[in-house]
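As structure tokens, the structure follows; a few thoughts come after it.
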Amino acid sequence: MAFSFPYQWFPKSITSKSRTIIKDGQTLRPLLATTLSKDSVSLPFEAIVDSGSDKTISFEEIGIALGTNFSNEKFRAETEIKTGMPFEDEIFGLGKEPIKVFITLMNIEVTGHKQTVRMYWIREKFDPHSDFALVLGQDSIFSMFDIYFSKRQHKFFLNEQVFQPDSAQK
Amino acid sequence: MVRDVWSKMERFLCNNPGDGIMPKKEEVVRPSGLSVLKPEEMVEYEGQCLGIVEGKVKYHGTDAAKVIKALLAEKTTDKVFTSIPKSNLALVK
């Protein structure tokens, strides 16, 4: 089965003579409802599907709000064993400065498909002006579905079946 | 006062993703949580976290933890946490 998701339009506004005018900035982004869950806590988040990101990323304060205790020594030790990675690490974006993160396991669910993924929690303040609460990268959603982006049609597709371009031309 | 300068085509494209093409039989269409907002509301809530419950904005603010806490207290499953970053971001972190 294929699931299609309309791109979400983000309008741009300008203020002129104390009036707000909405303009079409042509900003369309692929957003996907993704449920994060751990133990008995679960909540759907609107995530951005980012094929340019190697990792699935959120923010420390969001992890704390979902009940994760990043300071608990026992939890840190157990998580390192489960992930096979250091609990504290650094990742790099397009800037030159490394970004400090915690790495834990998190359960995600998209259109009924569940998977446990490594979540990279950025140890900086979440800023809703410039950040998305959840970024789905290559290590999660792209392993669960074949994803096809059609900006022209203003939507993207998640395909449960393996997409084969040769068969599509027959 | 908010003045809407959408052209007819822009409004049609936004309200009819896929240029009005009907989904195939096996295709399930799932709009985003933010799709319940009008353009004026998207502008109004830009830079904020939103808690959308049963199709309406019930919580909003710049404190993500507060909005998440309120959403977790909601018994309904028809809820989602989202945010509205600026429309002129070149890259996602």
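Per chain, numbering begins at 1; letters A, B, ... match sequence-line order.
- Rounding to the nearest 0.5 angstrom, the gap separating the CD atom in A:Glu46 from the CG atom in B:Leu50 is 9.0 Å.
- Using a 4.5 Å cut-off between heavy atoms, A:Thr35 does not touch chain B at all.
- Residue B:Lys66 qualifies as open at atom NZ: its count of foreign heavy atoms under 6.0 Å is 12 or below.
- For the atom pair CG of A:Leu43 and CD of B:Glu74, the computed distance is 10.5 Å after rounding to the nearest 0.5 Å.
- Heavy-atom distances place no part of B:Lys69 under 4.5 Å from chain A, backbone and side chain included.
- With hydrophobic clusters built from ILVMFWY side chains whose heavy atoms lie under 4.5 angstrom apart, A:Phe87 shares a cluster with A:Met85.
- Using a 4.5 Å cut-off on side-chain heavy atoms (C-beta onward), A:Phe45 and B:Leu71 make no contact.
- Here the CD1-CD1 distance, from B:Ile68 to A:Ile62, works out to 5.0 Å after rounding to the nearest 0.5 Å.
- Within the 4.5 Å cutoff, side-chain heavy atoms of B:Leu34 are placed close to those of A:Phe10.
- The parts of B:Ile84 that come within reach of chain A are both its backbone and its side chain, each placing non-hydrogen atoms under 4.5 angstrom from that chain.
- The minimum heavy-atom distance linking B:Gln48 with A:Pro128 is given by the pair C-CB, 3.8 Å.
- A:Leu105 and A:Val101 fall into different hydrophobic clusters, defined by Ile, Leu, Val, Met, Phe, Trp and Tyr side-chain heavy atoms under 4.5 Å apart, directly or through other members.
- Nearest heavy atoms, A:Phe132 versus B:Ser83: CA-OG, 4.4 Å.
- Scanning both residues, B:Pro39 and A:Pro11, for their nearest heavy atoms gives O-CG, 3.8 Å.
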